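One structure below.
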Protein chains: 2
Amino acid sequence: MFKKFKIPEATVGRLTAYSRFLKEAEEKGISTVSSQQIAKATGVTPAQVRKDLAYFGEFGTRGVGYNPRELYNYIMKILGLDRRWPVIIIGAGRLGAALAMYKGFAERGFDIVGIFDIDPEKIGSKIGEIEIRPLEELKEKVQELPVKLGIVAVPAASAQQVVDYMVESGIRGIINFAPVNVSVPEGVVLRRVDLASQLEYLTFRLGESR
Amino acid sequence: MFKKFKIPEATVGRLTAYSRFLKEAEEKGISTVSSQQIAKATGVTPAQVRKDLAYFGEFGTRGVGYNPRELYNYIMKILGLDRRWPVIIIGAGRLGAALAMYKGFAERGFDIVGIFDIDPEKIGSKIGEIEIRPLEELKEKVQELPVKLGIVAVPAASAQQVVDYMVESGIRGIINFAPVNVSVPEGVVLRRVDLASQLEYLTFRLGESR
DNA sequence: GGGGGATTGTTAAAGATTTAACATCCTTGT
DNA sequence: ACAAGGATGTTAAATCTTTAACAATCCCCC
């Protein structure tokens, strides 16, 4: 995979959307799709679709379009989804538990293989098939498989501490659901998902129009 | 509130982060903060902080900095958070239930006032204090309060249909957790949160460095 | 086998966002 | 009262992203 240039974050997000549409198209037995069709289905412009794909190579045929299955496979490979990924979750509260059971992860190749918490009350109880384990066992589990991806669903106050321990254990990609800014060393990828902030965006835009 | 120009989406997201830091600072009894301090705490540049604020007015004192409480109040007002907002959730699956119980919403002024589902099995059971009601009752509930904000936590296949009904009922801001692109008419604000896509971003970036 | 229509890949232009630079203004100390 | 230091607000430059335009290519039909 030859990525000579820095790929915009937004492009990566759109690739996901494209891939979902392509999978649908393939399942419907459609043999070619145009950038226009992809664009319409995903809410972007056709130029955007072609530009996004151009970062990675040439996947279509001029005058014709793209083969859904082929392009789907390419995109999945670009995204690193040509394999399954084990994922651990820290924090067995409501959010952590819901994420652990969320079907959407498995559908895209992510397997929740462990849930950890510091609350002794919770240790031992199960979420779905998975038993909640004490945080101290994280390192062992992470290095055993190994696991590279983790989700943080703990209170804001302990997020930085938890993230540090995850990194020390060997986790290299982290999604942080705690509404706080945490830092990670070079080489570790961090993404923050702030649920309340999403609602705040809505109230801001609603306020704008009045 | 005089917003003469179009405000970047990213700016809105950062305001949330600033406000959280400012609240902390105020609680600690700090009397002034600089753009540099805000920047450091939220992971942006000081210039960015000042630029973001400049869209809305002048809130600081040259040579001094900002008063945390004052700036916090301004930002909350800008975001439309100088009041509480009722919110309804459609879809009482695991994700919907977790969101309904998520403490982070209430802390930022969002009250979940209703949960709706089409599954007859679920109707009548409770999530926390709130009883799951059939989708048909949505319109009535929304217009009674009225409710302007809604969260979609239903399968991708029914998301568009649900969103249409929400809009018809009077909802004007929607967060969509279903991994599918849905469309809304002019005047309705839509935000998509794709949880699997967040993990995919991580795998992409991890793949990049090898 | 050649022309018309269609669609990609790519280059250039436009637009938006971020960063940097600096003039302005405030506080403090002498 | 005034100078020095420091932080904002604002303008300009740089960077990044999106949109538009078009040449290159392919398929289909006659």
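Being a predicted model, the structure only gives us computed values, none of them experimental. To find a chain, count down the sequence lines: A is the first, B the second, and so on, and within it residues start at 1.
In this structure, Leu53(A) atom CG and dT7(C) atom P are separated by 16 Å, rounded to whole Å. Here dA14(C) presents its P atom at 17 Å from NZ of Lys6(B), a figure rounded to the nearest Å. Whole-Å rounding puts the Glu58(A) CD to dT11(C) P distance at 11 Å. Straight-line distance from the CD atom of Glu9(A) to the C1' atom of dT17(C): 14 Å, rounded to whole Å. If you take CD1 of Ile7(B) and P of dG15(C), they are 19 Å apart, rounded to a whole angstrom. Across the protein-nucleic acid pair, Asn67(B) atom CG and dA7(D) atom P stand 16 Å apart, rounded to whole Å. For the pair Lys51(A) NZ and dC22(D) P, the computed distance is 17 Å after rounding to whole Å. A straight line from CZ of Arg14(A) to C1' of dT19(D) spans 12 Å, rounded to a whole angstrom.
Remark: Arg50(A) is not in phosphate contact with dC22(D), judged by side-chain N or O atoms under 4.0 Å from OP1 or OP2. For the pair Tyr55(B) and dA16(C), the criterion of a side-chain N or O lying under 4.0 Å from OP1 or OP2 is not met. Within the structure, a side-chain polar atom (N or O) of Thr45(B) is placed less than 4.0 Å from OP1 or OP2 of dT19(C). Contact annotation: Ser35(B) side-chain N/O to dA7(D) OP1/OP2 distance is not under 4.0 Å.
A salt bridge links Arg191(B) and Glu9(B); the closest N-O separation between the charged side-chain nitrogens and carboxylate oxygens is under 4.0 Å. A salt bridge between Glu137(A) and Lys141(A) is absent, with no side-chain N of the basic residue lying under 4.0 Å from a carboxylate O of the acidic one. We find that Glu58(A) and Arg50(A) are not joined by a salt bridge, their nearest charged nitrogen and carboxylate oxygen being 4.0 Å or further apart.
For Ala54(B), counting side-chain heavy atoms from C-beta on, the closest listed nucleotide (dT17(D), dT10(D), dA20(C)) is dT10(D). The side chain of Gln48(A) sits closest to dT19(D) out of dT10(C), dT19(D), dT8(D). Considering only side-chain atoms of Tyr66(B), the nucleotide from dT18(C), dT18(D), dT8(D) that sits closest is dT8(D).
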Please list, one pair per line, the donor and acceptor atoms closer than 3.5 Å that link side chains of residues 21-31 of chain B to other protein atoms, with sequence neighbours excluded.
unit_1, atom_1, unit_2, atom_2, d
Glu26(B), OE2, Arg69(B), NH2, 3.1

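Considering all non-hydrogen atoms of both residues, Tyr102(B) and Pro179(A) come closest at OH-CD, 4.3 Å. What you find for Phe59(A) and Tyr74(A) is that their closest heavy atoms are CD2-CD1, 3.3 Å.
Between the side chains of Ser19(A) and Arg108(A), at least one donor-acceptor pair of N or O atoms lies under 3.5 Å.
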Is there any protein nitrogen or oxygen under 3.5 Å from a nitrogen or oxygen in nucleotides 26-30 of chain D, and what are the pairs?
unit_1, atom_1, unit_2, atom_2, d
dC26(D), O4', Arg62(A), O, 3.1

